Engineer: 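Before I ask anything, here is the structure I am working with.
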There are 2 protein chains.
Amino acid sequence: MTPSSFRTWQSVQAEVLRRIHARDWKPGDLIPNEADLAVEFGCARATVNRALRAVAETGLLDRRRKAGTRVAAQPVAKATLEIAVIRHEVEARGDTYDHLLIERHYLTPPLAISGAMRTGSTEKLLHVRALHLAEGAPYALENRWINMRVVPEAMNEPFDRVSANEWLLQHAAYTHGDIAFSAIQANGADADSLGIAENSAVLAIDRLTWNREASVTKVQLLFTPGYQLRTGL
Amino acid sequence: MTPSSFRTWQSVQAEVLRRIHARDWKPGDLIPNEADLAVEFGCARATVNRALRAVAETGLLDRRRKAGTRVAAQPVAKATLEIAVIRHEVEARGDTYDHLLIERHYLTPPLAISGAMRTGSTEKLLHVRALHLAEGAPYALENRWINMRVVPEAMNEPFDRVSANEWLLQHAAYTHGDIAFSAIQANGADADSLGIAENSAVLAIDRLTWNREASVTKVQLLFTPGYQLRTGL
DNA sequence: AAGTGGTCTAGACCACGCG
DNA sequence: GCGTGGTCTAGACCACTTA
């Protein structure tokens, strides 16, 4: 058994993936421990650790102390979606970007909003509706509520030139948040803004972000029909 | 300056995140290099490296050799969706799972399919349509094409008890793939299978997986209205 | 009790890419 | 050219978990 020279963690990772794909190591199998693999590969255990950890992050390996490392029986595919500023998303496609503020009000939100954002039921929030355009055509409709207690500077922002989408990313950090993807039928007002038929199926992205215990902003983005969110596996 | 004792990479990461959220380090700022931070934190450079790498993976830091590490000006949110076997997804919600095979044929696919899968235009593929149920109610409709040149064993699988969704994960490894999320209006047949009104908005997940140069399977999942794909940020 | 992965260290060399 | 992050090493100790 000549210790083949796998000197980088990437090459170790590639060899591990090769063995999984070639079914040398089958789903459910226990694979050798790090120390043994390090000897076999002719590298330090830390290098093997780095490689196995990377593969485990993709869901192809299950690792547990003492129990060892197993090939996942039913790997959970992990699709990472990169949600960028919409302007960048549009420009990355080579399209010209434009932004149109539809309305901007400071008012008491519906209970569904104040409830989700955990703001007082009578507390006013900044409400912004805006349209993002690609090549002059509607691309996405943004419907946003901003917690002025957390981002008071937003009160002075018109959001006509720079979108709330973009301004908030630079001026309001968040510690965590939730995001949900769903399909909904566009209602009259939304369909009108997007220039589509009422009840058309549109992809909706709902985000709610927090800074510690306080909600920062709640936003819904509706994308024009045909829009696809893509990524690799 | 007493080197506060940050002994684990997680604690270093927490401190780095704290400084970003507290805007000690603002968007666009260059932060100290690893060696300096290691001295300040009283730990090894490798520990700082591990922490900064983890933060960079979330998109909050941009790291480049020689140029150093900067706080991202416009962080790209990364949402990782875990696409599990549908049975597990349903059971994880505490619901009972059932599976209903609708049809299973070995036939020449439409050109759109053979084109995407890069199979010969006259080459037959296995086509499977099936319904996944939660608590007896339709949950998702699966429409799948399987490359028999890559997974010939599938020919002997009835897919009536074990879904193609589940069987393939155990018996056909893939090296890479694409996934797309979109909103579409259910056509007559699909709406019928799902027990919903025609033209209802449904969330569609389209996946195409490959084993090296050969396509393994192409599948579309249509989820009943109201379904949300959720994750944290 | 013991085996496994998880992590830290101190030092070293390297590759990239600004200036 | 040279500073920065990227990585490898050898050794060590620890934490968790299972047998």
Side-chain angles (χ1 to χ4, degrees), chain A residues 2-17 19-20 25-73 75-76 78, chain B residues 2-17 19-20 25-73 75-76 78:
Chain A
T2 45
S4 343
S5 80
F6 290 105
R7 309 186 81 308
T8 70
W9 72 264
Q10 290 95 335
S11 69
V12 171
Q13 181 187 38
E15 172 62 12
V16 168
L17 289 175
R19 292 185 184 188
I20 294 174
W25 293 339
K26 300 184 184 61
D29 280 3
L30 191 63
I31 74 173
N33 68 33
E34 294 187 347
D36 290 349
L37 286 174
V39 172
E40 181 186 344
F41 291 150
C43 65
R45 180 165 79 96
T47 305
V48 173
N49 180 277
R50 176 84 191 265
L52 294 185
R53 195 156 33 81
V55 176
E57 272 170 17
T58 71
L60 252 58
L61 289 176
D62 281 334
R63 319 195 71 197
R64 273 151 56 214
R65 281 161 153 133
K66 167 72 179 175
T69 300
R70 291 178 180 280
V71 179
V76 174
K78 293 184 182 168
Chain B
T2 45
S4 344
S5 80
F6 291 104
R7 308 185 73 339
T8 70
W9 70 266
Q10 291 95 334
S11 69
V12 171
Q13 181 188 39
E15 171 63 11
V16 168
L17 289 175
R19 293 186 184 187
I20 294 174
W25 294 339
K26 300 184 183 62
D29 280 2
L30 191 63
I31 74 172
N33 67 32
E34 294 186 348
D36 290 349
L37 286 175
V39 172
E40 181 186 344
F41 291 151
C43 66
R45 179 164 80 97
T47 305
V48 173
N49 179 278
R50 176 82 190 265
L52 293 184
R53 194 155 36 79
V55 177
E57 272 170 16
T58 71
L60 251 59
L61 289 177
D62 282 334
R63 320 194 70 198
R64 274 149 56 211
R65 283 160 148 127
K66 167 70 179 176
T69 300
R70 291 179 179 280
V71 179
V76 174
K78 294 185 181 167

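In this text, all values refer to a predicted model and were calculated from it rather than measured experimentally. Every chain is numbered from 1 and lettered A, B, ... according to where its sequence line falls, protein lines coming before strand lines.
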Engineer: Could you tell me whether Arg19(A) and Glu40(A) have a side-chain N and a carboxylate O separated by less than 4.0 Å?
Structural biologist: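 Counted as a salt bridge, because a side-chain N and a carboxylate O are separated by less than 4.0 Å.
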
Engineer: Show the numbers, then the answer: is there a side chain to side chain contact (heavy atoms under 4.5 Å, CB included) between Lys78(A) and Thr58(A)?
Structural biologist: CA-CA 6 Å; Lys78(A) 293 184 182 168; Thr58(A) 71; over 6 Å; no

Engineer: May I ask you to decide whether Arg7(A) forms a salt bridge with Glu15(A), counting only side-chain N to carboxylate O separations under 4.0 Å?
Structural biologist: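 A salt bridge is absent here (no side-chain N lies under 4.0 Å from a carboxylate O).
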
Engineer: Does the pair Ser11(B) and Phe6(B) meet the rule for a side chain to side chain contact (heavy atoms under 4.5 Å, CB included), with working shown?
Structural biologist: CA-CA 6 Å; Ser11(B) 69; Phe6(B) 291 104; 3.7 Å; yes

Engineer: Do any N or O atoms from the side chain of Arg70(B) and from the backbone of Gly28(B) form a donor-acceptor pair under 3.5 angstrom?
Structural biologist: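 Pair found, side chain donor or acceptor close to backbone of Gly28(B).
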
Engineer: Listed by chain and number, what are the side chain to side chain contact (heavy atoms under 4.5 Å, CB included) partners of Pro27(A), not counting sequence neighbours?
Structural biologist: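 For Pro27(A) the side chain to side chain contact (heavy atoms under 4.5 Å, CB included) partners, ignoring immediate neighbours, are Arg23(A).
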
Engineer: Which part of the nucleic acid does Arg7(B) contact within heavy-atom distance under 4.0 Å: base, sugar-phosphate only, or nothing?
Structural biologist: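 Sugar-phosphate contact only - Arg7(B) comes under 4.0 Å of backbone atoms but never of a base.
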
Engineer: Any side-chain to backbone donor/acceptor pair from Asn33(B) onto Ala35(B)? Under 3.5 Å, distance only.
Structural biologist: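 Between the backbone of Ala35(B) and the side chain of Asn33(B) there is a qualifying donor-acceptor contact (under 3.5 Å).
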
Engineer: What are the bounds, 5' to 3', of the part of DNA chain D that sits under 4.0 Å from heavy atoms of chain B?
Structural biologist: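 Listed 5' to 3', the contact boundaries are dG3(D) to dT7(D).
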
Engineer: Atom OG1 of Thr8(B) and atom CD of Gln13(B): how far apart are they, to the nearest 0.5 Å?
Structural biologist: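 Reported to 0.5 Å precision, the distance equals 9.5 Å.
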
Engineer: Got a donor-acceptor contact below 3.5 angstrom from the Arg63(B) side chain to the Thr69(B) backbone?
Structural biologist: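 Answer holds: no.
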
Engineer: As a quick check of understanding, evaluate side chain to side chain contact (heavy atoms under 4.5 Å, CB included) for Val12(B) and Leu52(B), giving each step before the final call.
Structural biologist: CA-CA 8 Å; Val12(B) 171; Leu52(B) 293 184; 5.8 Å; no

Engineer: Using atom CG of Asn33(A) as one end and atom C1' of dA2(C) as the other, report the distance to the nearest whole Å.
Structural biologist: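 These atoms are roughly 13 Å apart.
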
Engineer: If you take any heavy atom closer than 4.0 Å to DNA chain C, which residues from residues 50-58 of chain A end up in contact?
Structural biologist: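 The answer is none.
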
Engineer: Give a yes/no on whether any side-chain N or O of Thr69(A) is located under 4.0 angstrom from OP1 or OP2 of dT4(C).
Structural biologist: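 Result: no.
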
Engineer: Pair Leu60(B), Val71(B) - check side chain to side chain contact (heavy atoms under 4.5 Å, CB included), show working.
Structural biologist: CA-CA 6 Å; Leu60(B) 251 59; Val71(B) 179; over 6 Å; no

Engineer: Can you tabulate the close N/O pairs, meaning under 3.5 Å, that link protein atoms to atoms of nucleotides 16-19 of chain C?
Structural biologist:
from	atom 1	to	atom 2	distance (Å)
dC18(C)	OP1	Arg64(B)	NH2	3.4

Engineer: How would you list, by chain and number, every residue that makes a side chain to side chain contact (heavy atoms under 4.5 Å, CB included) with Ala46(A), sequence neighbours excluded?
Structural biologist: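 For Ala46(A) there are no side chain to side chain contact (heavy atoms under 4.5 Å, CB included) partners, ignoring immediate neighbours.
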
Engineer: Measure the spacing between OG1 of Thr47(A) and CD of Gln10(A) and express it to the nearest 0.5 Å.
Structural biologist: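 Between atom OG1 of Thr47(A) and atom CD of Gln10(A) there are 10.0 Å.
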
Engineer: Where each residue is assigned the nucleotide of DNA chain D containing its nearest heavy atom, which of Ala46(B) and Pro32(B) is assigned the position nearer the 5′ end?
Structural biologist: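 By nearest-heavy-atom nucleotide position, the 5'-most residue is Pro32(B).
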
Engineer: Just report the end-to-end axis angle for the helix from dA1(C)-dT18(D) to dC18(C)-dG1(D), five pairs per end, to 10 degrees.
Structural biologist: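 End-to-end axis angle: 20°.
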
